[in-house]
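Here's the structure we're looking at; comments come further down.
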Number of protein chains: 2
Amino acid sequence: MGEQRPGAENLLFLTDEQLRRGIEAMYFAYRGFTADPDRILEQHGYGRAHHRALHFINRTPGTTVNNLLGILGVTKQSLNRVLRSLIDDGLVQSRIGQKDKRERHLFLTDKGKTLERALSEVQGRRVRAAYRAAGPEAVAGFRQVLEAMMDPDQRRQFAFTDESGS
Amino acid sequence: MGEQRPGAENLLFLTDEQLRRGIEAMYFAYRGFTADPDRILEQHGYGRAHHRALHFINRTPGTTVNNLLGILGVTKQSLNRVLRSLIDDGLVQSRIGQKDKRERHLFLTDKGKTLERALSEVQGRRVRAAYRAAGPEAVAGFRQVLEAMMDPDQRRQFAFTDESGS
DNA sequence: TTGGAATGTCAACATGGCTGACATAAACTG
DNA sequence: CAGTTTATGTCAGCCATGTTGACATTCCAA
């Protein structure tokens, strides 16, 4: 991280124009990033909030509501509305904690796993295609900039969920 | 990174886990990306839709409503509500077209320019910091992946707005 | 002159953020 | 044990921003 390469750091003197281009690229790319899952979600009457919940429950099965609140950065009322519909529709199962019976541990049902897989499949397809088009070195740079762009709290969250030691 | 295989293309053999990490990085980074402008917008009773309008009007002064609709990808009713408030608040000026009097050409007023500058200043500061932390080569890769991630239509839009030949 | 394009406006609705208030149950603390 | 804190759920309402549908106006162009 941060090693100096002679003659290279001058590229970080960015004009206003270059900076604006970067901002627009982020905006347009994020639209593309969410476009495919959005189409599937729409067919089920769901939104991005449902996608995020499915994603992170799938990622850490048995996570608690409070845990999820921290990751998603929304209010419990907002999350509850989303979880309510997912539970009612049989995509998520909520189990009362054994150690602490106030807690609810969240799991995807088979139905939930099926939708989650469909969503991550189309989204992953686009990400893979972009990675392939840009090449391995570009991907490494992409990840570095994204990580540096996060809020420190989010970055810590992000680092914490990394179990592979990458 | 996990298991190393000979050759360079192995970096594009992504495990499910690596792909999910990339998706999460995009999600968290976008949150960071919008966090600073959001705080300013909130003080004015505006949202991201107002920011986007201000950004693109500033970028191409005199753009028409229809033009803006194409860039932003929303309905005219939705955009109109946003433009209405910006015009009423004296941040945007709408001038009837000379050649085609049905068209409205949009410009930022001094007041509008001031807010736009404040927004792009805080957002640019974060982007700059991320660029600096990641380094020039990472930035080049970042931009390549973002561009590859856009929808083809958006990418064409994006390429078209590039007047500097960057 | 007539059709259609560009724009604006009104109404209604949905999603998903938010706050505030309150209920419940369980865990913790003195 | 009593009181406090924590985790969760729920109700009600507000706001920003997306949607569709309907309709008026203006005016270019065939």
Side-chain angles (χ1 to χ4, degrees), chain A residues 27 30-31 34-35 37-57 62-89 92-107, chain B residues 27 30-31 34-35 37-57 62-89 92-106 119:
Chain A
Y27 166 62
Y30 196 77
R31 278 225 314 233
T34 55
D38 281 355
R39 272 187 286 273
I40 294 176
L41 290 161
E42 200 188 356
Q43 296 166 6
H44 295 255
Y46 294 145
R48 282 183 203 169
H50 298 83
H51 185 187
R52 294 195 283 266
L54 289 173
H55 176 99
F56 285 106
I57 294 171
T63 187
T64 63
V65 173
N66 230 15
N67 210 319
L68 211 48
L69 283 179
I71 293 170
L72 297 176
V74 297
T75 59
K76 62 173 182 173
Q77 294 92 329
S78 207
L79 177 58
N80 189 256
R81 181 166 36 192
V82 167
L83 285 180
R84 187 77 270 135
S85 65
L86 291 174
I87 292 168
D88 289 349
D89 296 350
V92 167
Q93 199 196 355
S94 166
R95 295 185 208 151
I96 293 176
Q98 295 190 327
K99 195 180 135 197
D100 186 335
K101 291 177 188 167
R102 291 169 306 178
E103 293 182 341
R104 302 293 190 281
H105 297 278
L106 303 168
F107 300 87
Chain B
Y27 166 62
Y30 196 77
R31 278 226 314 234
T34 55
D38 281 355
R39 272 187 284 274
I40 293 177
L41 290 161
E42 200 187 359
Q43 296 166 5
H44 295 255
Y46 294 143
R48 284 183 202 169
H50 298 84
H51 185 186
R52 294 196 283 266
L54 289 174
H55 176 98
F56 285 107
I57 294 171
T63 187
T64 62
V65 173
N66 227 20
N67 210 319
L68 212 49
L69 284 178
I71 293 170
L72 297 176
V74 297
T75 59
K76 62 174 180 172
Q77 294 90 332
S78 204
L79 176 59
N80 189 256
R81 181 169 31 197
V82 168
L83 286 179
R84 188 75 270 138
S85 64
L86 291 175
I87 292 168
D88 288 350
D89 296 350
V92 167
Q93 199 196 355
S94 165
R95 294 186 208 149
I96 293 176
Q98 295 190 328
K99 196 180 135 196
D100 186 337
K101 292 177 188 167
R102 291 167 304 179
E103 294 181 342
R104 301 294 188 280
H105 298 277
L106 303 167
L119 293 169

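Only a predicted model underlies this, so the values are computations on that prediction, with no experimental measurement involved.
- Residues A:E42 and A:D38 fail the side-chain proximity criterion, which asks for heavy atoms closer than 4.5 Å.
- Classified by interplanar angle (parallel below 30°, tilted 30° to 60°, perpendicular above 60°), the ring pair A:Y30/B:Y30 is parallel.
- Between B:I57 and B:L83, the closest side-chain pair of non-hydrogen atoms falls below 4.5 Å.
- Neither OP1 nor OP2 of C:dA11 sits under 4.0 Å from any side-chain N or O of B:R81.
- At a cut-off of 3.5 angstrom, the base of C:dA25 holds no donor-acceptor pair with the side chain of A:R102.
- Nucleic acid contact for A:G97: none, since no nucleic acid atom lies under 4.0 Å from a heavy atom of the residue.
- In this structure, the nucleotide among C:dA6, C:dT9, C:dC18 sitting nearest to the side chain of B:N80 is C:dT9.
- Looking at which nucleotide of DNA chain D each of B:Y46 and A:S94 is closest to, the 5′-most match is held by A:S94.
- Taking atom CD of residue B:E42 and atom C1' of nucleotide C:dT19, one finds them 12 Å apart after rounding to whole Å.
- The backbone N or O of B:L72 lies less than 3.5 Å from a partner atom in the side chain of A:R31, making a donor-acceptor pair.
- At whole-Å resolution of the value, CZ in A:R104 and P in C:dA25 are 10 Å apart.
- When the nearest nucleotides of DNA chain C are assigned to B:E103 and A:R48 by heavy-atom distance, the more 5′-ward of the two goes with B:E103.
- Of the candidate nucleotides C:dC18, C:dA21, C:dA5, C:dA21 has the atom nearest to the side chain of A:K76.
- In this structure, CD1 of B:I96 is placed 12 Å from C1' of C:dA6, rounded to the nearest angstrom.
- Remark: P of C:dC18 and CG of B:L41 are 16 Å apart, rounded to the nearest angstrom.
- For a distance-only test at 3.5 Å, the side chain of A:Q77 qualifies as a donor-acceptor partner of the base of C:dG20.
- Counting any heavy atom pair closer than 4.0 Å across all strands shown, A:H50 reaches sugar-phosphate atoms only and no base atom.
- Residue A:R84 is in sugar-phosphate contact alone, with no base atom involved, counting any heavy-atom pair closer than 4.0 Å across all strands shown.
- Taking 4.5 Å as the limit, every side-chain heavy atom of A:Q93 sits out of range of all side-chain heavy atoms of A:L106.
- Taking the six-membered ring where tryptophan is involved, the planes of A:H50 and A:Y46 are essentially parallel, since the angle between them stays under 30° and well short of 60°.
- Rounded to whole Å, atom P of C:dA25 lies 19 Å from atom CG of A:N66.
- Running 5' to 3' along DNA chain D, contacts with non-hydrogen atoms of chain B at under 4.0 Å begin and end at D:dA16 to D:dC28.
- For A:K101 and C:dA27, the NZ to C1' distance is 11 Å, given to the nearest whole Å.
- The side-chain heavy atoms of B:H105 and B:T64, taken from C-beta on, include a pair separated by under 4.5 Å.
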